[in-house]
Amino acid sequence: MTTILDGKALALTLRGKIKEEVEALRKAGHRAPHLAAILVGEDGASKTYVNSKEKDCEYVGFESIVHKLSADTSEEDLLNLIETINNDKNIDGLIVQLPVPKHIDATKIIESIDPEIDVDGFHTLNVGKLTINEDTYISATPFGVVMMLEEYGIETIGKHCVVIGRSNIVGRPMSILMSQGGRDATVTVCHRYTKDIGAFTRMADIVIVAVGIPDFLTADMVKEGATIIDIGITRVDADNKRGYLLKGDVDYEAVKEKSGAITPVPGGVGPMTRYGLLFNTLKSFKKKHNIV
Ligand code: GUN
């Protein structure tokens with residue numbers, strides 16, 4: 001029997017715990033944790049993601065503010081806004097939704113965020129800490145995946161984990177986390193120049209795919225009983241009310257028959273990613289207020 005790794009249900013439970021914690025903090029006289037988000041431009045998917053983050057904050061009792069800036073906002077104006085937020089002691093988390101328009105240097109923007117409130121965990125200081133296994137903000141998607149593996153009791157020690165994709169915000173931190181002490185997987189990272197990715201995935205006990213190509217991982221690429229984590233979420237045109245469907249990187253129906261455990265899309269990694277951001281924001285708040 002294949003286990004469906006139900007990120008939606010798990011995130012609901014975990015979000016409930018954050019909500020309870022916030023209620024207790026408020027009763028003890030604290031202000032609510034506060035997340036600020038900056039959205040530059042009109043990208044449809046980014047707008048949806050930021051709306052979801054806002055809704056999540058409301059659900060758990062966080063304050064949130066979204067700064068919606070026009071696509072032609074200058075880099076300087078954006079940097080000024082970040083500086084203002086960095087200096088606001090009542091803000092615990094700041095995220096700049098990516099991608100930003102082409103005339104803005106994303107790296108410069110990320111580096112301008114105070115690492116103490118960089119709840120996306122994208123700043124080089126936080127990435128560096130992650131790399132040497134120091135306490136930090138782990139970026140939301142890799143964090144959500146390791147939480148899900150842990151909560152479902154998926155064994156990782158000594159297992160062979162293949163990560164497909166090496167982006168700064170997903171594949172790379174994912175591969176680092178899986179090899180770290182405590183998880184102790186043997187990790188292979190595959191990418192666009194890897195020859196015959198299937199030769200690697202067929203040996204894997206755990207496959208984590210983050211390439212953004214619908215149905216990339218097919219059943220013939222998977223070992224019987226493997227755990228399959230699908231991070232892909234691509235909008236494909238569809239004749240429905242929204243005008244699109246969300247597709248993962250895994251040929252779900254076929255791979256499900258062969259795998260031991262698998263995440264669906266939607267309802268798998270996505271909700272866990274949203275939980276990761278709430279977790280990091282609460283972590284920042286607690287750090288600021290010396291709450292253990
Ligand atoms: N764009 C896609 N994923 C993310 C994310 O996790 N955080 C931010 N800030 N932008 C994104």
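The chain is numbered in sequence order, starting from 1. Just follow the structure's listing: the first ligand is 1, and inside any ligand the first atom is 1. Keep in mind that this is a model prediction, so the values were computed, not measured.
Contacts of Val96 with ligand 1, taken as heavy-atom pairs under 4.0 Å, involve the backbone alone.
Distances shorter than 4.0 angstrom occur between a heavy atom of Phe122 and an atom of ligand 1.
Between Asp251 and Lys258 there is no salt bridge, since none of the side-chain N atoms of the basic residue sits less than 4.0 Å from a carboxylate O of the acidic one. We find that Asp135 and Lys287 are not joined by a salt bridge, their nearest charged nitrogen and carboxylate oxygen being 4.0 Å or further apart. The existence of a salt bridge linking Lys108 and Glu111 is excluded, since no basic side-chain nitrogen approaches an acidic carboxylate oxygen closer than 4.0 Å.
Exactly one residue among Thr201, Ile231, Ile208 makes a side-chain contact (heavy atoms from CB on, under 4.5 Å) with Ile164. That residue is Thr201.
Closest heavy-atom approach to atom 3 (N) of ligand 1 within the set Ile113, Leu277, Ile169: this belongs to Ile169. Compare Leu98, Ile95, Asp120 by their heavy atoms: the one nearest to atom 9 (N) of ligand 1 is in Asp120.
Considering only non-hydrogen protein atoms, atom 11 (C) of ligand 1 sits nearest to Gln97 NE2, 3.3 Å.
A pairwise comparison of heavy atoms in His191 and Ile197 identifies O-CD1, 3.9 Å as the closest pair.
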